[in-house]
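Here the structure comes first, spelled out in structure tokens, and everything after it is commentary.
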Amino acid sequence: MTQKEILEKDFKTKMRGYDPTEVDEFLDVVIRDYDDFQKEIEQLKAENDRLLDKVDEQAKQMSTQNSSSSQTNSAISNFDILKRLSNLERHVFGSKLDSE
């Protein structure tokens, strides 16, 4: 139901029926509330869309960070392995290398 439908709603009068003025006043209040709720719904939908976009953006950033972090960890691990290997070679072959 829209505001226009509420406003244009016509009630039949019967003997001992409702006071038309009172009904109109009540419908005016209903229309204002309806309008306020529609605006709030639109604002909440816009905020929801904005937040969903933000979540998607952060998920992409996390994905990018995780992939670059794993590459960094891999590079660090390779560097550590080469350093340890070099230290082992010096320890094992150090006296031979120094004497040559």
Side-chain angles (χ1 to χ4, degrees):
M1 185 167 276
T2 65
Q3 294 175 359
K4 186 177 179 181
E5 291 172 336
I6 294 170
L7 182 62
E8 292 175 352
K9 178 67 177 165
D10 193 24
F11 295 94
K12 298 176 185 173
T13 55
K14 291 188 176 182
M15 190 168 213
R16 295 182 175 218
Y18 293 109
D19 178 14
T21 304
E22 188 178 346
V23 170
D24 287 342
E25 289 172 359
F26 178 77
L27 288 176
D28 288 342
V29 171
V30 170
I31 290 170
R32 278 194 305 271
D33 287 347
Y34 188 87
D35 184 45
D36 291 342
F37 291 138
Q38 284 298 110
K39 287 177 184 176
E40 186 173 353
I41 288 170
E42 289 172 14
Q43 289 171 347
L44 291 172
K45 283 181 180 180
E47 182 179 4
N48 190 36
D49 290 341
R50 181 184 62 81
L51 292 173
L52 288 172
D53 290 343
K54 191 173 184 177
V55 166
D56 288 342
E57 181 182 320
Q58 288 181 347
K60 287 177 186 176
Q61 288 177 354
M62 292 288 287
S63 174
T64 303
Q65 287 175 353
N66 287 341
S67 67
S68 66
S69 175
S70 66
Q71 290 174 353
T72 303
N73 288 340
S74 175
I76 290 171
S77 298
N78 290 341
F79 177 75
D80 289 340
I81 291 170
L82 289 173
K83 186 176 178 181
R84 288 179 184 175
L85 184 60
S86 176
N87 288 338
L88 282 171
E89 287 175 342
R90 258 190 241 128
H91 180 70
V92 172
F93 301 111
S95 58
K96 290 182 183 178
L97 292 173
D98 291 336
S99 64
E100 291 179 359

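Keep in mind the model is a prediction, meaning the values are calculated, not measured.
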Say you draw a straight line from [atom1] of [X] to [atom2] of [Y]; how long is it, rounded to the nearest 0.5 Å?
{"X": "R32", "Y": "I6", "atom1": "CZ", "atom2": "CD1", "value": "12.0 Å"}
{"X": "E40", "Y": "L44", "atom1": "CD", "atom2": "CG", "value": "5.0 Å"}
{"X": "L52", "Y": "E47", "atom1": "CG", "atom2": "CD", "value": "10.5 Å"}
{"X": "D35", "Y": "I31", "atom1": "CG", "atom2": "CD1", "value": "9.5 Å"}
{"X": "Q58", "Y": "D56", "atom1": "CD", "atom2": "CG", "value": "10.0 Å"}
{"X": "D24", "Y": "E22", "atom1": "CG", "atom2": "CD", "value": "10.5 Å"}

Could you go step by step and tell me if V23 and L27 meet the side-chain contact (heavy atoms from CB on, under 4.5 Å) rule? CA-CA 6 Å; V23 170; L27 288 176; 4.0 Å; yes
E5 atom CD, over 12 foreign heavy atoms within 6.0 Å: yes
Looking at K60, is its backbone amide N or carbonyl O close enough to the side chain of T64 to form a donor-acceptor pair, meaning the two atoms are under 3.5 Å apart? yes
After noting the C-alpha distance and the side-chain angles of D80 and R84, does the key distance pass the salt bridge (charged side-chain N to carboxylate O under 4.0 Å, His left out) rule? CA-CA 6 Å; D80 289 340; R84 288 179 184 175; 5.5 Å; no
